[in-house]
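Below: one structure, written as structure tokens.
In each ligand, atom 1 is the first atom listed, and ligand 1 is the first ligand listed. Here the structure is a predicted model, which means the values were calculated and not measured.
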Amino acid sequence: MIKIEGVNKWFGNLHVLKGIDLEIKEREVVVIIGASGSGKSTLLRCINFLEKAQKGDIYIDGEKMISQPKVVNRLRQEVGMVFQHFNLFPHMTVLQNVIEGPTQVKGMPKGQATELGKDLLEKVGLSDKLDTYPAMLSGGQKQRVAIARALAMQPKVMLFDEPTSALDPELVGEVLVVMEHLAKEGMTMVVVTHEMWFAKEAADRVIYMDDGKIVEQGKPDDIFSAPKNERTQAFLSQIL
Ligand code: ADP
Ligand code: MG
């Protein structure tokens, strides 16, 4: 579903991604861990073409990302992204936030988008908040709306960049549960998170990044209980 070949990214002189090779299969759930500054967000942003890698290739479902507006726009629609900060439209209700993408970008008829939006908001447990404005929601609820909004574009892949790290601890679980359901339904997901519970429950594979490189990867149990690389060991000893 995603193929990344020899991806390198520089910000000026700063070499941020140093030759990333990665294949993610359909229905696979991959968790990326690593210290702050190791390049996790940049990698996700390259997969979604929010950043352009200077070297290397990225394929989404077999199609190569090239910097042609038509191709970028189409492939971007296939890759949903959820950020640490939810960026909901404050002047729109929850339902309006969710149907904005499908109606404005995809040209879906409003009635159909509304049905889809209601289904998705039910899925994330917010059926009773359709007409509420974001300001009235908790952080966990806002993030669940953001997930429904990304799903409304009917993407083939969902990327999550530390979706719970801005939340109060008691709100983290409700977001992770929604993500776990999505994983169980077979969504292809790449998740940057340090929530080990989620990695253990939902991930098929955990990837440890350090200094712009993939240093180690494997099944969650193997990585957490017996990391081979000493940098992985040192990192895990800090967060576990
Ligand atoms: P992570 O998500 O693992 O914390 P990032 O991908 O955000 O790491 O950042 C990797 C490196 O790239 C860091 O050194 C960061 O300061 C730098 N960086 C990220 N975005 C930019 C940018 N837009 N311009 C310049 N440097 C950036
Ligand atoms: Mg980051």
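Among protein heavy atoms, the minimum distance from atom 4 (O) of ligand 1 is reached at G37 N, 2.7 Å. Looking from atom 24 (N) of ligand 1 to the surrounding protein, the closest heavy atom is F11 CD2, 3.5 Å. Among all non-hydrogen protein atoms, the one lying nearest atom 8 (O) of ligand 1 is G39 N, 3.2 Å. If you check which protein heavy atom lies closest to atom 3 (O) of ligand 1, you get K40 NZ, 2.7 Å. In this structure, atom 7 (O) of ligand 1 lies nearest to the protein heavy atom S41 CB, 3.7 Å.
At least one N, O or S atom of S41, from either the backbone or the side chain, sits less than 2.8 Å from the Mg ion (ligand 2).
Residue G34 places no heavy atom under 4.0 Å from ligand 1.
Checking atom 19 (C) of ligand 1 against the protein gives a heavy-atom contact under 4.0 Å. Atom 14 (O) of ligand 1 is flagged as protein-proximal [any protein heavy atom, distance under 4.0 Å].
T164 places no side-chain N or O within 3.5 Å of a backbone atom of L167 that could act as its donor or acceptor partner. The backbone N or O of E5 lies less than 3.5 Å from no partner atom in the side chain of D57, so there is not a single donor-acceptor pair. Of the possible donor and acceptor atoms, none in the side chain of Q141 sits under 3.5 Å from a partner among the backbone N and O of L126.
Here the options are Q77, K106, E78, the test is side-chain contact (heavy atoms from CB on, under 4.5 Å), and the partner is Q154; only K106 passes.
Residues F86 and L137 have side chains not in contact (no heavy-atom distance under 4.5 Å, counting atoms from C-beta outward).
Between H15 and W10, the ring planes lie parallel to each other; the angle is under 30°, not in the 30° to 60° tilted range.
Of the polar atoms of V16, none of the N or O atoms is found under 3.5 Å from an N or O of ligand 1, judged by distance alone.
In summary, the atoms of ligand 1 found under 4.0 Å from a heavy atom of A35, numbered by their order in the structure, are 3 (O). Under a 4.0 Å criterion applied to the non-hydrogen atoms of T42, ligand 1 contributes the atoms 5 (P), 6 (O), 9 (O). Annotation for ligand 1: atoms under 4.0 Å from non-hydrogen atoms of L14 are 14 (O), 17 (C).
Using a 4.0 Å cut-off between charged nitrogen and carboxylate oxygen, E63 and K156 do not count as a salt-bridge pair. The existence of a salt bridge linking R144 and E174 is confirmed by a sub-4.0 Å separation between a basic side-chain nitrogen and an acidic carboxylate oxygen.
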